[in-house]
2 protein chains.
Amino acid sequence: MKEDIARRREAILEAVVDCYIDSARPVGSRVIARKMGLSSATIRNVMQDLEEEGFIMQPHTSAGRVPTEKGYRYYVDSLMRLRRLTEAQKRNIDSEYAFKMKSLEDLLAKTSHIISMVTGCAGVVLLPKTEYSHFRHIELVSISRNKILVLLVAGSGIAKDFIIDTDYYIDSDTLDRITKFLNDSSYDMTLDEIKDHLEARLRAERDYSYKIIEQARNIMSSVLMSHIESKLYIDGASHILVQPEFSDARRIKAIIEFLEDKERMLELLLGDVREIGTRILIGSESRVRSLNDMSIITSGYRIKDNIIGRVGVIGPTRMSYEKVVPIVNFLADTLTGMLRELEV
Amino acid sequence: MKEDIARRREAILEAVVDCYIDSARPVGSRVIARKMGLSSATIRNVMQDLEEEGFIMQPHTSAGRVPTEKGYRYYVDSLMRLRRLTEAQKRNIDSEYAFKMKSLEDLLAKTSHIISMVTGCAGVVLLPKTEYSHFRHIELVSISRNKILVLLVAGSGIAKDFIIDTDYYIDSDTLDRITKFLNDSSYDMTLDEIKDHLEARLRAERDYSYKIIEQARNIMSSVLMSHIESKLYIDGASHILVQPEFSDARRIKAIIEFLEDKERMLELLLGDVREIGTRILIGSESRVRSLNDMSIITSGYRIKDNIIGRVGVIGPTRMSYEKVVPIVNFLADTLTGMLRELEV
DNA sequence: AATTAGCACTCTTAACTTGAGAGTGCTAAC
DNA sequence: GTTAGCACTCTCAAGTTAAGAGTGCTAATT
């Protein structure tokens, strides 16, 4: 008996959320009454209970109900039924990936594009600092008297380039030998390990001259200092603007502003880089003011069982979680697969 | 006599444009009358003439006048008085650049950020394909059986990385020798020149084994094929959204959509990469629908007297050209200066 | 005891009305 | 050639109204 009632409450909450998600307007008791074969008065009674418990609310007396964050949370945790991707969607995604990707950067940018296309939300791909990934190759190219271009290749073909300053000129021959030394001594270590062991290795070293070792030390510490930055790919922000909740220009401005603020975006997304599985933040759970009625869904992608980054979406709280969550997961898997192909 | 009248007409046009730019609303005859010490009736007469000739227009009977594109064009070409940057602005820019830039990419991204901050428009920096720039160094890193990571360094520290497929496995020793061969044979040539001369050089080569030359040929043609893509840095799109003309959500959406469409943006900006000096496109001159009442101002930045890219803004047609044009030019110069520092 | 019909009530929304204000074009006077 | 004056037009914001949607409560029904 009691369980039946509980189940009905859930069904009604689910119906409210579903309806609201695809109509974008408060749902009244009649709509649900029709769906459930009960009278609207009965539904109203249940709705009153749900409202008291904070799952739904009325924007004003005599409007229908709208899910609260608590309502969405319950829906996401217990009620929604994830929808498998349609064959058409999969084909669509595959065909987008079919264009040859020339670099990791291309691949990630493309992914954020695809994800925004398929979900209608803003697509986000995060590639965190490579501190934890494996050192594969370093190359030093002298580009002026006291500037050296460092090309750093980590596992799985992630390459970064940056410029460091040196105090004095290093001739190309010396540079070659430093390069060789660094490559030989650090292969397959993580940057963290390199940091820890470099000093000892330098001191133990006998094959190279003092001068070379000294310079290698300087260069490598510059490399470690200029900790390689996280990268963020965002695409399709314009998609979310078609939603009726963004008819207010000021809201739009706030959102676009936030999406453009790389620093704060990183802060937000880096928070749970290593989290396993799907992460769903609803509305204020993100603790970001301007993302008040936005939700964030991300999933980790991996290289060799290590989560190295996140892919996901940012969209209105009123997004189709049932549809978007599986897509985000699918793309995290796809990306993981593509990275495996590159793997050493 | 006649000249005096002509001059007055210009002064009135200028006043209309100036007023409209900073008030965002149609300019009436009274406002201008006060400024010029003439009666509003007189001004009205002149305005009627200007309207007949298409320099200004009325949004509706009994509103003030608004500049047409033709009016803006005349203003920009003949009337405006560029404003020097204030010391505060210069200091502001310098301090933004003070943070150490780790790579060319950082530098360009930073520049687009700065330009958007200072102008209140969306900042744009274009780095075109490096076809024309000088080859400095190539590095090949094997990352799997048949994938090679190519690191390509062009003049001034522009580095690009991308992955190419090979038909068969190349051992690391051979790879080193191919690398050496390519570096020796192509130093300081442009990719175009390399394309033209590679074949001849390969045939003439005697120092390396047939196999190495054959593989070098394959790799290099892959490098040339996967023509390195243009890059585009856009920042501060949200700034332009505060302008009153963007109170309509649909317009906002159209603009954001266009700014996110890298392909079309490139098409638009690549059109006049090599154009010398400042380029100003007003409204429909850009031939892009969704940029109907937007203007684009760009200026080329150089390395060794060659224009290698463009920096500029996209903002509402009603932007302060007098203020923005000098800023764009200033940043083009600053960027040129910074690149000279990196120069070999 | 749970469900439902019925009804009064509330609140939003869109359409219409209205009046003030801004600005014009024209004419006649300076 | 310039200006004062005036009738006219159009927008914009404020106010009014009526329709519609949806509620909460009460009383009747199962």
Side-chain angles (χ1 to χ4, degrees), chain A residues 1-13 15-17 19-20 23-68 71 244-245 247-249, chain B residues 1-13 15-17 19-20 23-68 71 244-245 247-249:
Chain A
M1 280 296 115
K2 276 211 165 176
E3 284 182 19
D4 277 0
I5 300 234
R7 209 161 292 151
R8 193 173 69 183
R9 284 162 42 93
E10 290 192 335
I12 289 173
L13 176 55
V16 170
V17 177
C19 277
Y20 185 62
S23 74
R25 53 186 72 186
V27 294
S29 52
R30 292 198 53 201
V31 189
I32 297 192
R34 256 194 301 268
K35 270 195 194 173
M36 318 239 325
L38 284 167
S39 84
S40 62
T42 312
I43 304 293
R44 277 204 289 282
N45 289 332
V46 180
M47 278 173 138
Q48 258 172 335
D49 296 347
L50 286 170
E51 178 155 18
E52 258 168 43
E53 288 163 84
F55 291 107
I56 55 182
M57 55 162 288
Q58 293 178 278
H60 53 264
T61 358
S62 106
R65 297 324 206 277
V66 162
T68 59
E245 45 263 73
S247 54
D248 177 23
Chain B
M1 282 291 117
K2 278 211 163 176
E3 283 182 20
D4 277 1
I5 300 234
R7 210 161 290 152
R8 194 173 68 184
R9 284 162 41 95
E10 290 192 336
I12 289 174
L13 177 55
V16 170
V17 176
C19 279
Y20 185 62
S23 74
R25 53 186 73 186
V27 196
S29 51
R30 289 199 52 199
V31 189
I32 297 191
R34 257 194 302 266
K35 268 195 196 174
M36 320 239 324
L38 283 167
S39 85
S40 63
T42 312
I43 303 292
R44 277 205 287 283
N45 289 332
V46 180
M47 278 174 141
Q48 258 173 336
D49 296 347
L50 286 170
E51 178 156 18
E52 259 168 44
E53 288 162 85
F55 290 107
I56 56 182
M57 55 162 286
Q58 293 178 279
H60 52 266
T61 359
S62 106
R65 298 321 207 280
V66 162
T68 59
E245 46 263 72
S247 54
D248 177 22

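Convention: sequence-line order gives letters A, B, ...; per-chain numbering from 1.
Residue pairs that meet the side-chain hydrogen bond (donor to acceptor under 3.5 Å, both in side chains) test with at least one member in residues 27-37 of chain A, sequence neighbours left out, are A:S29-A:R44. Among residue pairs with one or both ends in residues 24-44 of chain B, none qualify as ring-ring contact (aromatic ring centres under 6.0 Å, His included); sequence neighbours excluded.
Partners of B:Q58 by side chain to side chain donor-acceptor pair (under 3.5 Å), not counting sequence neighbours: none found. Listed by chain and number, the residues in a side chain to side chain contact (heavy atoms under 4.5 Å, CB included) with A:A11 are A:M36 (sequence neighbours excluded). Residues satisfying the salt bridge (charged side-chain N to carboxylate O under 4.0 Å, His left out) criterion with A:E51, sequence neighbours excluded, are A:R65. Legend: residues meeting side chain to side chain donor-acceptor pair (under 3.5 Å) with A:S39, ordered by chain and number and at least two apart, are A:T42. Among residues two or more places apart in sequence or in another chain, the side chain to side chain contact (heavy atoms under 4.5 Å, CB included) test is passed with B:A249 by A:I252. Considering only residues two or more places apart in sequence or on other chains, A:E53 meets the side chain to side chain donor-acceptor pair (under 3.5 Å) condition with A:R9. With sequence neighbours left out, B:R8 forms a side chain to side chain donor-acceptor pair (under 3.5 Å) with no residue at all.
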Nucleotide N/O of nucleotides 1-3 of chain D paired with protein N/O under 3.5 Å:
residue, atom, partner, partner atom, Å
D:dT2, OP1, B:R8, NH1, 3.0
D:dT2, OP2, B:R8, NH2, 3.3
D:dT3, OP2, B:S39, N, 3.2
D:dT3, OP2, B:S39, OG, 3.4
D:dT3, OP2, B:T42, OG1, 2.5

Pull out every protein N or O sitting under 3.5 Å from an N or O of nucleotides 12-18 of chain D, one pair per line with the distance.
none

Quick one: what's the B/S/- string for nucleotides 14-19 of chain C, heavy-atom cutoff under 4.0 Å, read 5' to 3'?
------
